[in-house]
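Here the structure is laid out as structure tokens; the discussion comes afterwards.
Read the numbers this way: they start at 1 and go in the same order the structure lists the ligands and their atoms. Note that this is a predicted model, so its numbers are computed, not measured. Keep in mind that the numbers below use all heavy atoms, side chains included, and drop hydrogens, waters and symmetry copies. Here, residue 1 is the first one in the sequence, and each next residue gets the next number.
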Amino acid sequence: MKIFVATHNKHKLEEIGAILPGIEVIGDNPEGVVEDASDFAGNALIKVRAIAKRHKGDWSMADDSGLEVAALGGAPGIHSARYSGEPTDSARNNALLLKNLEGVEDRRANFTCVIALVGPDGEEYIAEGKCFGRIEKALAGNGGFGYDPLFVPDGERETFAELGAEKKNVISHRARALAEAKKIITKGKPAV
Ligand code: IMP
């Protein structure tokens, strides 16, 4: 079995490959698509549909993810990558997030990842994963990417950037969404 993924991000392809052993994971670029949906699922569907038309008879998938902060009404949400403007700059995004949470006691936040799938017969599925936690008052750690130096998952004392990839890849929103996606793809049967 093989699955086409709407990304050329090597890290994402490796992570998906590790969670779907025995399935060949192949990147494909959804070039030219405009991600203008109002939620993660809509944007993931836009991306997966763009590549699935080239891969009839096989599985295709795309993901969309971001950080949602309770005290900010769910922002930055679907705007996570470009929260502080273009081009994407994680340091600037984190600085803006800290500024917008200055003096705010409610630090609750969650990451969400939505994976859209198109099956061999064109059927569409959605898998979602969330990771709840809180936003720190200062950056901590060098690992990961994006908002990782500010996000402490529930049950932990360190940020995702301090915890490291091995721990993050077990509890993250992306790992949880991929586990759901795996159930859909394998329909409860082992992938190998
Ligand atoms: P994408 O869906 O992978 O493009 O992620 C969109 C944006 O959400 C990223 O640019 C990050 O700002 C943020 N984000 C998504 N997942 C994570 C994560 O695991 N850690 C930190 N930031 C993330």
Any donor-acceptor pair under 3.5 Å linking the side chain of [X] with the backbone of [Y]?
X      : Y      : result
Glu123 : Asp121 : yes
Asn93  : Ser84  : yes
Asn169 : Glu166 : no

Subject >> Check: Tyr83/Asn94 side-chain N/O donor and acceptor closer than 3.5 Å >> reply: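 Note: Tyr83 and Asn94 side chains miss the donor-acceptor criterion.
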Subject >> Pocket residues of ligand 1, ordered first by chain and then by residue number (heavy-atom cut-off under 4.0 Å) >> reply: Lys12, Asp64, Ser65, Gly66, Ser80, Ala81, Phe111, Phe145, Gly146, Tyr147, Asp148, Lys168, His173, Arg174
**OP:** Using the six-membered ring wherever Trp is involved, compare the ring planes of His173 and Phe111 and label them parallel, tilted or perpendicular (cut-offs 30° and 60°).
**Re:**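 The arrangement is parallel - the two ring planes meet at less than 30°.
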Only pairs under 3.5 Å count here: list side-chain donor-acceptor contacts from residues 125-139, not counting sequence neighbours, and write none if there are none.
| residue | atom | partner | partner atom | Å |
| --- | --- | --- | --- | --- |
| Lys130 | NZ | Thr112 | OG1 | 3.0 |

